[in-house]
2 protein chains.
Amino acid sequence: MSIKFAILGFLSWKSFSGYELKKIFADALSFHWSGNNNQIYGSLVELHGSGAVSIEVQQQEKYPARKVYTITEQGRAELRTWLLSEPELPIVRSLAHIQLAWAESLTSEELEGLLASYESQLADQAIMCRETIRRASSTNPGTGIPERSEREILIWRSIDENRAAFFENERAWVRSLRAKLRELQ
Amino acid sequence: MSIKFAILGFLSWKSFSGYELKKIFADALSFHWSGNNNQIYGSLVELHGSGAVSIEVQQQEKYPARKVYTITEQGRAELRTWLLSEPELPIVRSLAHIQLAWAESLTSEELEGLLASYESQLADQAIMCRETIRRASSTNPGTGIPERSEREILIWRSIDENRAAFFENERAWVRSLRAKLRELQ
DNA sequence: CAAAGCATGTAAGCAGTTACATGATTGT
DNA sequence: ACAATCATGTAACTGCTTACATGCTTTG
């Protein structure tokens, strides 16, 4: 469960409650995790069981008690070991490509409609990514993170830009495919 | 289970046994499914249960009996309906990006090593993709597929090229990130 | 008064993986 | 002799998802 390392990553900045981590994951689009309860709370239980994090229960007057998780030295060591492990190749899964692969039973108009719809979705997504980058570079990510190094800021922006570029490239690919199909007719 | 539609897609060309489909999926890299038994055999049971495919058991003298699956009219209709449904956005999951995001606890040399390793893996993968394309354009895919239309051939080649371009783009991104990090020092 | 936020957790399920099991046959 | 191919199937697991459950508080 690699999300555990992502959680350790956030906890290496500062301590968070499960609820806060949940929101962080829901907001961080580049992290591809939805931030659902089972995964976050479950992972935190396991991380605590293995000694990678410690828990402090904070009673509150008007709100339910919150469990604040803090990374331990062991947790930091585990995170570092993982960071140094061999990176894996990225995985892309595009159901739209599977649809395209069997578009043979569609008319040219139906296929063109499919591609147009796919392209517009990609365009929207690319715009959203660019918007996220624009906002991220003006304001602080909002989670109350301590001073971040220039290097780290560069890396985070690059990751966001990679995501935007992916959707832009995919869109360009669709455009060129549409052009080629038009030529064929 | 969208793999069902991919199975129906292959069966729309010609009838196959589960064993053959398994091999097809294992070979078709652009399809991101590993072609493991549980998925193929399980999906075929479900497709048969829902009436999308019919089964013919062929007894053989020297080898175990094989179940040959044939798409039904209902199966063809289901496939077509799915082909016309709204395409979904592609999903990318890159663990390497998560590693990078918390590279803060690494030295510049360690980070550079990580990036170099990631880049070389991407380069290898891109070469493999290009090789697949080269082989696909010279020979027939090898599954004994009937005559394919020009349009279909174009689409399949485009999908393969999309995959190759993805790894090449990712590699270019890593190269530029490495350059930026070198500048920063 | 309803909706959203705070905060935790559980249940049920889908999609996908590796590994195991059987058993004859063919190639090295 | 050992491994690979043919051919089917099952067991056990990981990772991830939606939806449900509770209950108090703040905002519109």
Side-chain angles (χ1 to χ4, degrees), chain A residues 1-7 15-29 31-50 53 55-69 82 88-89 91-95 98 142-143, chain B residues 1-7 15-29 31-50 53 55-69 82 88-95 98 142-144:
Chain A
M1 228 197 285
S2 57
I3 197 180
K4 280 195 206 170
F5 294 107
I7 291 173
S15 300
F16 287 107
S17 69
Y19 189 77
E20 285 171 311
L21 284 167
K22 190 184 135 154
K23 279 197 295 180
I24 291 171
F25 276 98
D27 291 349
L29 294 172
F31 280 61
H32 78 248
W33 285 292
S34 72
N36 67 84
N37 290 3
N38 256 322
Q39 221 171 352
I40 306 291
Y41 290 119
S43 299
L44 285 169
V45 167
E46 285 174 45
L47 284 169
H48 184 240
S50 74
V53 301
I55 303 184
E56 189 204 344
V57 180
Q58 291 182 349
Q59 293 297 336
Q60 298 179 117
E61 274 183 28
K62 314 227 154 177
Y63 286 109
R66 54 205 296 273
K67 295 187 180 172
V68 177
Y69 294 88
W82 179 72
E88 285 171 35
L89 285 171
I91 292 160
V92 187
R93 34 192 61 191
S94 177
L95 278 188
I98 311 292
T143 38
Chain B
M1 227 197 286
S2 56
I3 198 180
K4 280 195 204 168
F5 294 107
I7 291 173
S15 300
F16 287 107
S17 69
Y19 189 76
E20 285 170 312
L21 284 167
K22 188 183 137 154
K23 277 197 295 181
I24 290 171
F25 277 98
D27 291 350
L29 294 173
F31 280 61
H32 77 245
W33 284 293
S34 72
N36 67 84
N37 290 3
N38 257 322
Q39 222 172 352
I40 306 292
Y41 290 118
S43 299
L44 285 169
V45 167
E46 284 173 47
L47 284 169
H48 184 240
S50 74
V53 300
I55 304 184
E56 188 205 344
V57 180
Q58 291 183 347
Q59 294 297 336
Q60 298 179 120
E61 273 183 28
K62 315 227 154 178
Y63 287 110
R66 53 206 295 275
K67 294 187 179 172
V68 177
Y69 294 88
W82 179 73
E88 285 171 35
L89 285 171
I91 292 159
V92 187
R93 33 192 61 190
S94 176
L95 278 188
I98 311 291
T143 37

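All heavy atoms count here, side chains included; hydrogens, waters and symmetry mates do not. These figures come from a predicted structure and were not determined experimentally. Proteins get letters first, then strands, A, B, ... in listed order; numbering begins at 1 in each.
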Below 3.5 Å between N/O atoms, which protein atoms pair up with nucleotides 18-25 of chain C? Just atom names and distances, please.
from   : atom 1 : to    : atom 2 : distance (Å)
C:dT18 : O4     : B:N38 : ND2    : 3.4

[X] [atom1] to [N] [atom2]: how many Å, rounded?
X	N	atom1	atom2	result
B:I40	C:dT17	CD1	C1'	13 Å
B:Y19	D:dG9	OH	C1'	14 Å
B:E88	C:dA15	CD	P	11 Å
B:Q60	C:dT26	CD	P	12 Å
A:K4	D:dG15	NZ	C1'	11 Å
B:Y41	D:dT10	OH	P	11 Å
A:F31	D:dC16	CZ	P	13 Å
B:E46	C:dG16	CD	P	12 Å

Counting only side-chain N and O atoms of [X], is one of them less than 4.0 Å from OP1 or OP2 of [N]?
X	N	answer
B:K67	D:dG9	yes
B:Q39	C:dA15	no
B:R93	D:dC16	yes

Hey, could you give me the OG/CG distance between A:S15 and A:L21, rounded to the nearest 0.5 Å?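 The CG atom of A:L21 is 10.0 Å from OG of A:S15, to the nearest 0.5 Å.
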Give, for atom CZ of A:F25 and atom NE2 of A:H32, the distance between the pair rounded to the nearest 0.5 Å.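 One gets 9.5 Å once the value is rounded to the nearest 0.5 Å.
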As a quick check of understanding, evaluate side-chain contact (heavy atoms from CB on, under 4.5 Å) for A:W82 and B:I98, giving each step before the final call. CA-CA 10 Å; A:W82 179 72; B:I98 311 291; 3.9 Å; yes
Do A:V53 and A:F16 have side-chain heavy atoms sitting under 4.5 Å apart?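 Side chain of A:V53 against side chain of A:F16, heavy atoms only: no contact under 4.5 Å found.
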Restricting to non-hydrogen atoms, name the atom on A:I7 and the atom on A:S43 that form the minimum distance, rounded to 0.1 Å.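 In terms of heavy atoms, the two residues are closest at CD1-CB, 3.6 Å.
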Select base, sugar-phosphate, or nothing to describe what A:G42 touches, counting heavy atoms under 4.0 Å on all strands.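 The residue A:G42 makes no contact with any strand.
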Take A:Q39 and A:W33 through the test side-chain contact (heavy atoms from CB on, under 4.5 Å) and record every step on the way to the result. CA-CA 9 Å; A:Q39 221 171 352; A:W33 285 292; 3.8 Å; yes
A:W33, nearest nucleotide to its side chain (from D:dA7, D:dG9, D:dC16):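 Taking heavy atoms from C-beta onward, the closest nucleotide is D:dC16.
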Main-chain N/O of A:S17 paired with A:E20 side-chain donor or acceptor, under 3.5 Å: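 Yes; judged by distance alone, with no hydrogens or angles, the pair exists.
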